[in-house]
Number of protein chains: 2
Amino acid sequence: MTDVQPGSAQAVYMALRRRLSDGAYAPGQRLTEMALAADLGVSRTPVREAIGRLLTDGLVVPAVRGVVVAALSPTEAEHLFVLRADLEALAAELAAGRQAAGRLAPAEVDALDDAVDEVEAAVRTHDPRASAQANLALHRAIGAAAGNPFLEETLHRVWDRIAVTTVANLDDPHWAGAITEQHRAIVSAIRAGDPEAARSAAKSHIEAARRAYKPLG
Amino acid sequence: MTDVQPGSAQAVYMALRRRLSDGAYAPGQRLTEMALAADLGVSRTPVREAIGRLLTDGLVVPAVRGVVVAALSPTEAEHLFVLRADLEALAAELAAGRQAAGRLAPAEVDALDDAVDEVEAAVRTHDPRASAQANLALHRAIGAAAGNPFLEETLHRVWDRIAVTTVANLDDPHWAGAITEQHRAIVSAIRAGDPEAARSAAKSHIEAARRAYKPLG
DNA sequence: ACGGTATGTATTGCATGCAAAGTATGTCAA
DNA sequence: TTGACATACTTTGCATGCAATACATACCGT
């Protein structure tokens, strides 16, 4: 979705966005242009440009002096998860609809099942980072299967915004046990081409995820 | 939502975003830094920064040389309206839920009815610009009544993205006759505190709007 | 000793400079 | 007249310079 235009401003933006959604910076931490410029080996100008974009993304917020890494209050997290639940519900619904219309490649549907397996395996390793990554990969795949670039981009924004201050608590035994079942419900509904079932399964899943959410800030 | 940080880069960004969603530039038109800088009375630097943000907003797209105003293909418009329908459905649903919970000020609900009246009046004048503005004001009010800043911001992004290349075809007699009825259905459901009815009314309304959509590009 | 003020320093924000890249134009030849 | 090539110009992209601002620190007065 995001075009990789030659030029380091774009590269800086993507690098910073990745770092932020990887949790490389603590919420509330100040980011200075100079430090980032030195770190990335460019001048302040492309860094400034990138920071401007991060501001509109909401990943950093203006401070008295420069910007600080955004934090999520419990209320904000609540709001974000409400939005996310609806968007992921729509994605699952659209994916199921495409499947019903025969516009979803069989390989793509199989890939969803594989992704569910990989999340399950990752959760078993009790590696929170790998689990979160596998989980996100599955959700991304569903988002892609919806076939709507704008929905997909919006989902990415929401995921990144949540990820800045969240660590997916996939190590919680209760949640770990439920997650695969819920994932299977979504993918099964998509495979069956049942949009309504897919929507409600996805919505329930995200609402369950919200309850397992653990803020970092 | 968008903080008005002192500094002209922010001002330039907001000015350009407003111009774009007002349709001041034709889709496909090239925007040069120098011309915009001269026009806005600033140097190229803040303009560059603003253009970077517009790129992530999708309001302009990278061209061989600089950027051009984004256009919407029929397929893209379709995708955008699908997303919009779901987001507005969620907004209406949340607003109705807040009303049911007594968390919506009576004045806010009354304002929704007033906004419906104003759209009706504006449509009668056959002024497409005023009609579009009144219509957008109503939808914005519903978005605000949902009480979810992230949903609200996402809606704004979608509206702006559509507005760049759309003129609301509120002059269409058929559509003009139906629009007020549909608006009333949404607002009534919100007033009644019926989330499901509000959701379905809003969804139907946007799907009807999609059919009345007329691209400019 | 404590508070207020003044100075110094770190950092932002915008403007400008300079090099690279690509496009348009003009000229020459067939 | 048309096509190809060379040249000049427009425009971007990044780096740096300079002024403004706010914070920290140190000094002085009470």
Side-chain angles (χ1 to χ4, degrees), chain A residues 1-20 24-71 164 217, chain B residues 1-20 24-71 164 217:
Chain A
M1 202 62 207
T2 39
D3 310 82
V4 183
Q5 175 103 346
S8 76
Q10 192 85 8
V12 168
Y13 169 61
M14 291 181 61
L16 288 180
R17 183 163 169 174
R18 180 177 199 97
R19 287 192 188 182
L20 283 165
Y25 302 112
Q29 178 178 346
R30 248 187 81 199
L31 298 181
T32 74
E33 297 176 2
M34 290 195 325
L36 293 175
D39 192 5
L40 296 167
V42 296
S43 84
R44 282 175 46 222
T45 305
V47 173
R48 278 187 58 74
E49 220 172 298
I51 287 179
R53 300 200 203 183
L54 295 174
L55 275 168
T56 64
D57 288 341
L59 297 181
V60 298
V61 294
V64 188
R65 197 75 156 284
V67 299
V68 300
V69 178
V164 172
Chain B
M1 201 60 206
T2 39
D3 310 81
V4 182
Q5 174 103 343
S8 76
Q10 192 85 8
V12 168
Y13 169 60
M14 291 181 62
L16 287 180
R17 183 162 168 174
R18 180 177 198 96
R19 286 192 190 183
L20 283 165
Y25 302 112
Q29 176 179 346
R30 249 188 78 200
L31 297 181
T32 75
E33 296 175 4
M34 290 197 325
L36 293 175
D39 192 6
L40 296 167
V42 295
S43 86
R44 282 174 45 220
T45 305
V47 172
R48 278 189 58 75
E49 219 173 300
I51 287 178
R53 302 201 203 182
L54 296 174
L55 274 169
T56 64
D57 288 342
L59 297 181
V60 299
V61 294
V64 189
R65 196 76 157 281
V67 298
V68 299
V69 179
V164 172

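In what follows, every chain begins at residue 1, and chains take the letters A, B, ... in the order their sequences are listed. Every value quoted in this text rests on a predicted model; they were computed, and no experiment measured them.
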Establish, with yes or no, whether the OP1 or OP2 oxygen of C:dC14 is under 4.0 angstrom from a side-chain nitrogen or oxygen of A:Arg48.
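Answer is yes, contact under 4.0 Å.
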Quick check on C:dT11: is either OP1 or OP2 less than 4.0 Å from any side-chain nitrogen or oxygen of A:Thr32?
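Result: no.
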May I ask you to say what B:Leu31 touches in the nucleic acid, namely base, sugar-phosphate or nothing, with a heavy-atom cut-off under 4.0 Å?
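The residue B:Leu31 makes sugar-phosphate contact but no base contact.
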How would you label the contact of B:Thr45 with the nucleic acid (heavy atoms, under 4.0 Å): base, sugar-phosphate, or nothing?
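Result for B:Thr45 = base.
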d([atom1], [X]; [atom2], [N]) in whole Å:
{"X": "A:Glu49", "N": "C:dG13", "atom1": "CD", "atom2": "C1'", "result": "14 Å"}
{"X": "A:Met34", "N": "C:dT11", "atom1": "CE", "atom2": "P", "result": "4 Å"}
{"X": "A:Glu33", "N": "C:dT12", "atom1": "CD", "atom2": "C1'", "result": "6 Å"}
{"X": "A:Leu55", "N": "C:dT12", "atom1": "CG", "atom2": "P", "result": "12 Å"}
{"X": "A:Leu36", "N": "C:dT11", "atom1": "CG", "atom2": "P", "result": "12 Å"}

Output the single nucleotide from C:dG22, C:dT16, C:dA15 whose closest atom is nearest the side chain of B:Arg44.
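Nearest to the side-chain atoms of B:Arg44, counting from C-beta on, is C:dT16.
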Please tell me which of the listed nucleotides, C:dC14, D:dC14, D:dA22, lies nearest to the side chain of B:Ser8?
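Nearest listed nucleotide: C:dC14.
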Write down the atom of A:Ala50, the atom of A:Ala9, and the distance for their closest heavy-atom approach.
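Result for this residue pair: CB-O, 4.4 Å.
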Please report the shortest heavy-atom distance between B:Arg53 and A:Leu55, naming the atom on each side.
NH2-CD1, 4.2 Å
Any side-chain heavy atom of A:Ile51 within less than 4.5 Å of one from A:Glu33?
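Yes, their side chains come closer than 4.5 Å.
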Residue whose closest nucleotide on DNA chain D lies nearer the 5' end, B:Arg65 versus A:Val42
B:Arg65
